[in-house]
Each structure stands twice: as C-alpha cells, then as structure tokens.
Novice: 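The following block contains the structure, expressed as structure tokens.
Order of listing sets the numbers, starting from 1, for every ligand and every atom in it. Numbering of residues begins at 1 and proceeds along the displayed sequence. As the structure is a computational prediction, the values presented were derived from the model and not from experiment. FYI, side chains are in, hydrogens and waters are out, and symmetry mates aren't considered; it's all heavy atoms of this structure.
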Amino acid sequence: MATYKNFIAVRKIWRFLTIYGVGKTLFKVFGRIRPSYLTAGSKRIRDIGVIGCGQFAYATIGYSIWRKYGNRFLACYDVNKGNQDSFAAFFGITCAAKSAADVITDGRVNVVYIASNHASHAEYAIEALQAGKIVYVEKPVSVSFLQFSRLAEVCSHSRERIYAGYNRPFSGAVRALRKEVGSRNKPMTLNCFVSGHMIETDHWYRKPEEGTRICGNVGHWLDLAVHMLSWGELPDCWKIIVSYSNDVSRDDDVAISLTSERGDLVNIVLTARSEPFEGINETINFQQCDVIAKIDDFRSMTLWKGPSVRRFNYRPKDVGHNLAIIQPFSGIHREWKEVEMSTLLMLFIADMVVNAEHFSEFSFSYQMARLLK
Ligand SMILES: NC(=O)c1ccc[n+]([C@@H]2O[C@H](COP(=O)([O-])OP(=O)(O)OC[C@H]3O[C@@H](n4cnc5c(N)ncnc54)[C@H](O)[C@@H]3O)[C@@H](O)[C@H]2O)c1
C-alpha cells in the first residue's frame with residue numbers, strides 16, 4: 001500500500017513538473033511536506049505580512065512573490081501554529097505573531113496578504129485597510145452581503161489599496177483574447193466547464209459560515225465573466241437559472257446559466273465527481289462577433305478571428321496566479337469595481353443555492369445601491 005502511494009506521489013510530481021515547471025512544483029511539494037531544513041533565502045527588503053499560512057499562501061503566494069521579488073516576507077499568522085511556524089521557518093520570519101493584529105499593526109509591514117478561511121477574509125481586509133496597509137485578499141473577498149457592505153464602505157475610501165485574488169483575468173490566454181476582442185458592446189457567449197476538486201464532507205470549505213462552493217470556487221468563473229463583460233459595457237439586468245444534479249450537495253455538480261437583457265449568455269458547469277489527478281481542469285469557450293476562442297485549461301488557446309486562426313501555448317500552465325499575486329507591486333491590477341460587481345453576483349447566486357432556488361433575476365445597479373445604502 002505504502003509503495004503504491006509513493007508511486008502515485010512520484011507520478012503526480014512528474015506530471016506537475018511538466019505542467020507547472022520546476023519552481024512552482026517544488027513550492028507545491030514544500031507546502032505539503034513543510035521541510036524544516038530549507039529556507040527561501042534572505043532579502044534586504046522585507047515588508048509583507050501573511051495571514052493564513054496554508055497551502056495556497058506557501059506554494060502559490062510564496063512562489064509568485066519569491067520568483068519576482070525574492071523573499072520579502074516579514075511576518076505571518078495562522079490559527080494553526082504548525083502551519084504558522086513552518087511558513088515562518090521556510091521564509092526566515094523571526095517575529096512570532098500571536099494574533100492577526102500583530103501582523104496588521106506591525107509598522108514594518110506595508111502589504112498584508114490574506115489567505116485564511118473564507119469567512120475571515122473581509123474582516124481581516126477591513127482591519128488591515130483601517131491600519132493603512134495595502135491589502136491583497138484571496139477569493140472570495142466576502143461570504144455574506146452584510147460582511148461585503150462593511151468592506152465596501154471601507155474600500156470606498158481606499159480603493160487603490162486593495163487587490164483581490166481572482167486570477168483568471170490575469171492569465172495569458174484571457175489577456176491575449178482581450179487584445180483581439182477590444183471593447184465591443186456586443187453580446188458574448190461564455191461557457192466554462194470545470195472539473196473541480198472533490199472536497200471531503202468535513203472540509204472547512206463545507207462549513208455553512210464559509211459561503212458554499214459558489215463563494216469558494218464558482219466565484220472564479222463568475223468573476224471571469226464579469227471581467228470579460230466589462231471589456232464593453234456591463235449589462236445591468238440578468239436572468240439566472242441554476243440546475244442542481246442532486247439535492248444533497250447542491251454546490252458540487254451544478255450548472256449556472258445567465259442571460260442578459262442584451263443577449264449575452266454565460267454558462268458555468270462545476271462538476272466534482274472524482275478528484276482530477278492534475279488538479280482543477282477548465283475548458284473555456286468564448287464567442288463575440290467574429291472572435292471565437294477555446295481555452296484548454298490555461299495550457300493552450302485556439303483563437304479564430306474571421307478567416308484567421310492562431311494557436312497559443314502556455315508552458316508552464318498560466319492560470320494568472322503570478323500576475324494576480326504581484327498586483328500590489330507591479331502596477332498591473334484590476335479595477336476594484338469589477339471585483340465588487342462579481343462579488344455581488346456571486347453572493348446572490350450563493351443565496352440561491354443555499355435556498356435551493358432555480359430561477360431569479362439580478363440587477364447590478366440595484367444590488368450596488370443596496371450595498372452602498
Ligand atoms: N486563487 C486561487 O486560485 C486559489 C486557489 C486555492 C486556494 N485559494 C484561496 O486561498 C485561501 C487559502 O486556501 P488554502 O487552499 O491554502 O487552504 P488551507 O486550508 O491549506 O489554508 C488555510 C489556512 O488558513 C488558516 N486559518 C483558518 N482560519 C484562520 C483564521 N481565522 N485566521 C488565520 N488563519 C486561519 C488555516 O489554519 C490554514 O492554515 C482560500 O481563500 C482559498 O479560497 C485561492
């Protein structure tokens with residue numbers, strides 16, 4: 001049994017090396033085994049604080065910052081002391097934070113990265129913004145309307161200091177597509193088929209207060225849709241249909257269709273019937289006017305424009321993490337307004353799923369007015 005497990009682990013690492021390249025794969029492995037004998041090296045500038053030192057913070061935020069700027073991590077906190085200590089050891093962090101507030105109020109920390117459980121994101125972001133920090137908050141930025149309205153209020157005074165972890169808009173494929181599409185005010189069709197992780201029944205993602213997999217996962221493709229729709233003028237009024245494959249775990253195998261008053265059609269299918277060996281897998285199809293694109297798991301894209309056809313390859317796979325994560329430093333960032341719009345839509349659909357609703361109507365302007373009331 002142990003031999004078989006080792007064989008599978010080696011096979012997975014080999015596959016990840018071919019998909020993600022050496023650096024990212026090593027960080028993924030380190031994030032899992034947390035070696036006490038390795039460090040990410042030292043750096044003169046250290047100004048980043050991290051809240052939530054789990055796999056994403058270690059392997060993805062850690063790697064994206066490290067590859068571009070070196071080891072700039074200064075402080076970290078996690079409710080799980082083992083995760084905090086192993087993160088601190090690898091990134092050479094010497095100050096032992098006893099709370100998130102220790103990280104947020106540390107005068108040497110300029111940027112706070114929040115990668116903790118979903119329910120805690122908004123409150124940490126509010127505290128960090130109020131302390132005058134630059135904030136990078138992982139998705140979802142909120143799990144409830146009330147939480148989001150408090151965050152929106154604080155953000156209205158500090159929009160230029162907050163960045164979200166929605167990364168698909170930063171992928172090579174979506175950026176290349178955007179160049180071809182430009183900003184046409186014409187209906188588009190977007191279809192996202194996602195083979196997601198199988199999540200155990202007792203995983204923290206499933207706790208009611210964490211906002212369902214709509215907040216935890218589907219938010220990515222709702223955000224991608226809002227991003228692409230915002231290349232032109234974002235249509236205000238939408239009809240939403242949600243189809244559940246079963247009543248027990250409504251957010252596991254689910255189809256969401258949205259149609260706008262302009263004739264846009266967005267369809268998102270999340271399926272999680274088995275664990276995808278290479279991690280989450282996405283097939284994205286797009287059409288607007290004479291542009292058609294097929295994005296295959298952010299590893300390649302075929303793009304047709306009228307009679308011309310182009311093929312793009314992304315090795316390593318480029319789902320946009322690197323550019324999204326360095327937003328606070330790079331000067332390349334999303335408009336916060338887009339994140340607000342996609343979060344409003346996500347929270348609305350999460351409510352539909354909680355209440356087992358099949359049909360509803362949604363208006364961005366109405367929800368935004370409610371938010372800012
Ligand atoms: N952008 C992406 O593509 C992407 C991919 C994976 C995960 N994520 C996000 O990253 C975040 C972390 O996910 P993960 O996969 O690393 O999960 P994880 O379970 O590995 O890590 C979460 C960490 O947060 C800690 N934590 C829990 N509650 C906390 C609290 N109140 N304060 C401080 N720390 C707390 C946990 O102890 C754990 O170490 C989530 O928001 C997740 O949605 C984003």
Novice: Among side-chain atoms of Arg150 and Gln147, is any donor-acceptor pair under 3.5 angstrom?
Specialist: no

Novice: Please report whether the ring centroid of Phe329 lies less than 6.0 Å from that of Tyr69.
Specialist: yes

Novice: Note down each nitrogen or oxygen pair, ligand 1 side and protein side, whose separation is under 3.5 Å; give only atom names and the distance to 0.1 Å.
Specialist:
unit_1	atom_1	unit_2	atom_2	d
ligand 1	1 (N)	Glu138	OE1	3.1
ligand 1	1 (N)	Gly165	O	3.3
ligand 1	1 (N)	Asn167	OD1	3.0
ligand 1	3 (O)	Asn167	OD1	3.2
ligand 1	3 (O)	His220	NE2	3.3
ligand 1	3 (O)	His321	NE2	2.8
ligand 1	16 (O)	Gln55	N	3.2
ligand 1	16 (O)	Phe56	N	2.7
ligand 1	19 (O)	Trp204	NE1	2.9
ligand 1	20 (O)	Gln55	N	3.0
ligand 1	28 (N)	Asn117	OD1	2.9
ligand 1	31 (N)	Asn117	OD1	3.4
ligand 1	31 (N)	Tyr124	OH	3.4
ligand 1	32 (N)	Tyr124	OH	2.7
ligand 1	37 (O)	Asp78	OD1	2.6
ligand 1	39 (O)	Asp78	OD1	3.3
ligand 1	39 (O)	Asp78	OD2	2.6
ligand 1	39 (O)	Asn83	ND2	2.7
ligand 1	41 (O)	Ser116	O	3.4
ligand 1	41 (O)	His118	NE2	3.4
ligand 1	41 (O)	His121	NE2	3.2
ligand 1	41 (O)	Lys139	O	3.1
ligand 1	43 (O)	His118	NE2	2.7
ligand 1	43 (O)	Lys139	O	3.2
ligand 1	43 (O)	Lys139	NZ	2.7
ligand 1	43 (O)	Tyr205	OH	3.2

Novice: For a quick test of your reading: what N or O donor-acceptor pairs under 3.5 Å do the side chains of residues 129-140 make, sequence neighbours left out?
Specialist:
unit_1	atom_1	unit_2	atom_2	d
Lys133	NZ	Asp106	O	2.9
Lys133	NZ	Val109	O	2.7
Tyr136	OH	Glu138	OE2	2.8
Lys139	NZ	Tyr205	OH	3.4
Lys139	NZ	Gly216	O	2.5

Novice: Give me the other members of the hydrophobic cluster that Ile292 sits in, counting Ile, Leu, Val, Met, Phe, Trp and Tyr linked by side-chain heavy atoms under 4.5 Å, directly or via other members.
Specialist: Trp304, Val309

Novice: Donor-acceptor pairs under 3.5 angstrom involving side-chain atoms of residues 72-82: please list them, not counting sequence neighbours.
Specialist:
unit_1	atom_1	unit_2	atom_2	d
Arg72	NE	Asp47	OD1	3.1
Arg72	NH2	Asp47	OD1	3.3
Arg72	NH2	Asp47	OD2	2.6
Asp78	OD1	Asn80	N	2.7
Asp78	OD2	Cys53	N	2.6
Asn80	OD1	Gly82	N	2.9
Asn80	OD1	Asn83	N	3.0
Lys81	NZ	Asp85	OD1	3.3
Lys81	NZ	Asp85	OD2	2.8

Novice: Looking at the rings of Phe90 and Phe27, which for Trp means the six-membered one, are their centres under 6.0 Å apart?
Specialist: yes

